[in-house]
A.B. asks: 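Following this message is one structure expressed as structure tokens.
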Amino acid sequence: MNLPSVAQPSLPPDLNEAMEFIRNVPIFSDIDVEQLAKIVRVGVRKKYKKGSIILLEEESGAALFVILSGKVKIVRTDDDGREVILSILSENDFFGEMSILDGLARSASVVAITKTELFMIHRRDFLTLMEDVPSVAIALLKELTMRLRKADSQIKSLSLKDAAGRVANVVLQLADDIGTIRKGRVEIDELPLQQDLANMAGTSRETISRVIHMFIKKGHLDLQGNKLIINDYEKFKGLYL
Ligand code: CMP
């Protein structure tokens, strides 16, 4: 449904602004203006500095978050403090839905990797919304299905592929999460640290460095400072996925 572009006159200006943001979020794209206004009234906007911990794995969870601006990483850590990045989420993505749906502890920690602004909706309000507006529940399921597909691809890569395949899979995952595509070329700004890439690919920093340089030599990738470029995304995907 197309929403009218005029904001609700009954809402204060900052809520009007929040409504403009929220209407772009895919899980809320199919709801009418009154329902949208209801969400905006019950939600809270929160700002986080780069590096802030937004959610901690194992804590209990009572809210869902929508990213209005910025980027977060979803991480799991072991007892020695080593962490693996499961995903990087950015504007219009949401997180925190798992605890809300199953009532268990947070499945992962969430850390701001840039200055980030979030819109927080309490569990009860979100559950009511899903009951009232089935399209929100369907959109949520669609996104969860996409995350499961990605996780399946990661499991396949980690279990069955050699080092080059695993590194390529991580590069393609980052391209999906935070890359910008133009004319078949994908740029990944602010590439995570080599140690992060190594943990994601289940390999060492040395292997990451060796494989990335091998890909550069073959003409698949370019590295400009902290920016990684996939020269021909479809070709690279076809070769290594
Ligand atoms: P929750 O378990 O409530 O808190 C941590 C959140 O991280 C979780 O909800 C999801 O929103 C998000 N999350 C966990 N695993 C993944 C993943 N593999 N990909 C993307 N997001 C995830």
Side-chain angles (χ1 to χ4, degrees), residues 21-22 25-29 39 42-46 48 50-78 81-114 116-130 136-159 161 166 169-179 188 190 192 196-202 241:
F21 278 119
I22 291 295
V25 175
I27 50 166
F28 300 135
S29 63
I39 301 176
V42 296
V44 181
R45 286 173 78 168
K46 290 181 148 226
Y48 293 87
K50 178 176 172 172
S52 313
I53 296 171
I54 299 165
L55 297 183
L56 261 184
E57 188 179 336
E58 300 301 341
E59 272 182 359
S60 61
L64 171 126
F65 298 82
V66 173
I67 304 176
L68 298 179
S69 64
K71 284 190 183 65
V72 304
K73 60 178 179 179
I74 311 287
V75 295
R76 295 284 301 251
T77 41
D78 69 7
R82 290 183 311 167
E83 73 168 38
V84 60
I85 300 175
L86 301 176
S87 185
I88 296 178
L89 303 179
S90 53
E91 201 170 309
N92 294 339
D93 285 328
F94 62 85
F95 59 86
E97 77 294 342
M98 290 172 67
S99 301
I100 282 190
L101 293 171
D102 65 13
L104 299 177
R106 295 294 188 194
S107 61
S109 299
V110 182
V111 180
I113 51 178
T114 63
T116 297
E117 188 173 10
L118 302 176
F119 185 75
M120 183 182 92
I121 305 172
H122 283 290
R123 179 170 195 262
R124 193 182 311 156
D125 294 321
F126 189 71
L127 292 180
T128 306
L129 182 73
M130 280 205 299
V136 172
I138 292 168
L140 183 91
L141 283 173
K142 229 168 154 178
E143 175 60 30
L144 292 184
T145 304
M146 236 159 70
R147 289 183 188 173
L148 184 57
R149 281 181 187 275
K150 261 194 201 167
D152 286 352
S153 163
Q154 285 165 13
I155 292 167
K156 176 182 164 189
S157 169
L158 290 170
S159 320
K161 297 212 165 154
R166 295 203 302 271
N169 198 274
V170 168
V171 169
L172 289 165
Q173 187 194 336
L174 290 169
D176 275 357
D177 285 350
I178 53 170
I188 303 165
E190 294 174 47
D196 288 330
L197 299 177
N199 293 350
M200 289 170 84
L241 202 66

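Remember, it's 1-based here, ligands and their atoms both numbered in the order they're listed.
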A.B. asks: By number and element, which atoms of ligand 1 are closer than 4.0 Å to a non-hydrogen atom of Ser99?
C.D. replies: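 Here the atoms of ligand 1 in question are 1 (P), 2 (O), 3 (O).
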A.B. asks: To check your reading of the model: name the closest protein heavy atom to atom 5 (C) of ligand 1, its residue, and the distance in Å.
C.D. replies: Ala108 O, 3.5 Å
A.B. asks: Walk me through whether Ile39 and Leu129 qualify under side chain to side chain contact (heavy atoms under 4.5 Å, CB included).
C.D. replies: CA-CA 8 Å; Ile39 301 176; Leu129 182 73; 3.5 Å; yes
A.B. asks: Against Phe94, only a single residue in Ile67, Ile121, Leu64 fulfils side chain to side chain contact (heavy atoms under 4.5 Å, CB included); can you say which?
C.D. replies: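 Going through Ile67, Ile121, Leu64 one by one, the side chain to side chain contact (heavy atoms under 4.5 Å, CB included) with Phe94 is satisfied by Leu64 alone.
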A.B. asks: What's the verdict on side chain to side chain contact (heavy atoms under 4.5 Å, CB included) for Val66 and Phe28, showing C-alpha distance, side-chain angles and the deciding distance?
C.D. replies: CA-CA 10 Å; Val66 173; Phe28 300 135; 3.9 Å; yes
A.B. asks: Starting from atom 18 (N) of ligand 1, find the nearest protein heavy-atom neighbour and note its residue, name and distance.
C.D. replies: Leu86 CB, 4.0 Å
A.B. asks: Under 30°, 30 to 60°, or over 60°: which ring-plane class applies to Phe65 and Phe95, parallel, tilted or perpendicular?
C.D. replies: parallel
A.B. asks: Does Ser87 approach ligand 1 within less than 4.0 angstrom via side chain, backbone, both or neither, non-hydrogen atoms only?
C.D. replies: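 Under 4.0 Å from ligand 1, Ser87 contributes side-chain atoms alone.
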A.B. asks: First locate atom CD1 of Ile178, then atom OG of Ser90, and finally report the distance between them rounded to the nearest 0.5 Å.
C.D. replies: 8.0 Å
A.B. asks: How close do Ser153 and Leu241 get, counting heavy atoms only, and between which atoms?
C.D. replies: OG-CD1, 4.4 Å
A.B. asks: Among all protein heavy atoms, pick out the one at the shortest distance from atom 21 (N) of ligand 1; state its residue, atom name and that distance to 0.1 Å.
C.D. replies: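 Here the nearest protein heavy atom works out to Arg147 NH1, 3.7 Å.
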A.B. asks: Taking N or O atoms only and a 3.5 Å limit, does Leu89 qualify as a polar contact for ligand 1?
C.D. replies: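 Between Leu89 and ligand 1, no N or O pair is found under 3.5 Å apart.
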A.B. asks: Between Met98 and ligand 1, which part of the residue brings a heavy atom under 4.0 Å of the ligand: side chain, backbone, both or neither?
C.D. replies: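 It is both backbone and side chain that touch ligand 1.
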A.B. asks: Give the residue, atom name and distance (to 0.1 Å) of the protein heavy atom nearest atom 22 (C) of ligand 1.
C.D. replies: Ile74 CG2, 3.7 Å
A.B. asks: May I ask you to identify the nearest protein heavy atom to atom 4 (O) of ligand 1, giving residue, atom name and distance to one decimal place in Å?
C.D. replies: Arg106 CD, 3.3 Å
A.B. asks: Please state which protein non-hydrogen atom is closest to atom 6 (C) of ligand 1 and give its distance, to 0.1 Å?
C.D. replies: Gly96 N, 3.9 Å
A.B. asks: Step by step, would you call Asp177 with Ser87 a side chain to side chain contact (heavy atoms under 4.5 Å, CB included)?
C.D. replies: CA-CA 7 Å; Asp177 285 350; Ser87 185; 3.5 Å; yes
A.B. asks: Got the closest protein heavy atom to atom 14 (C) of ligand 1, with its distance?
C.D. replies: Ser107 OG, 3.6 Å
A.B. asks: List the steps, then state whether salt bridge (charged side-chain N to carboxylate O under 4.0 Å, His left out) holds for Glu97 with Arg147.
C.D. replies: CA-CA 12 Å; Glu97 77 294 342; Arg147 289 183 188 173; 3.4 Å; yes
A.B. asks: Starting from atom 11 (O) of ligand 1, locate the nearest protein heavy atom and write down its residue, its atom name and how far away it is, to 0.1 Å.
C.D. replies: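 Looking only at protein heavy atoms, the one closest to atom 11 (O) of ligand 1 is Glu97 OE1, 2.6 Å.
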A.B. asks: Which atoms of ligand 1 have any heavy atom of Phe95 under 4.0 Å away?
C.D. replies: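 Counting from 1, the qualifying ligand atoms are 11 (O).
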A.B. asks: What side-chain hydrogen bond (donor to acceptor under 3.5 Å, both in side chains) pairs are there with at least one residue in residues 56-75, not counting sequence neighbours?
C.D. replies: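 The answer is Glu57-Arg76, Lys73-Glu83.
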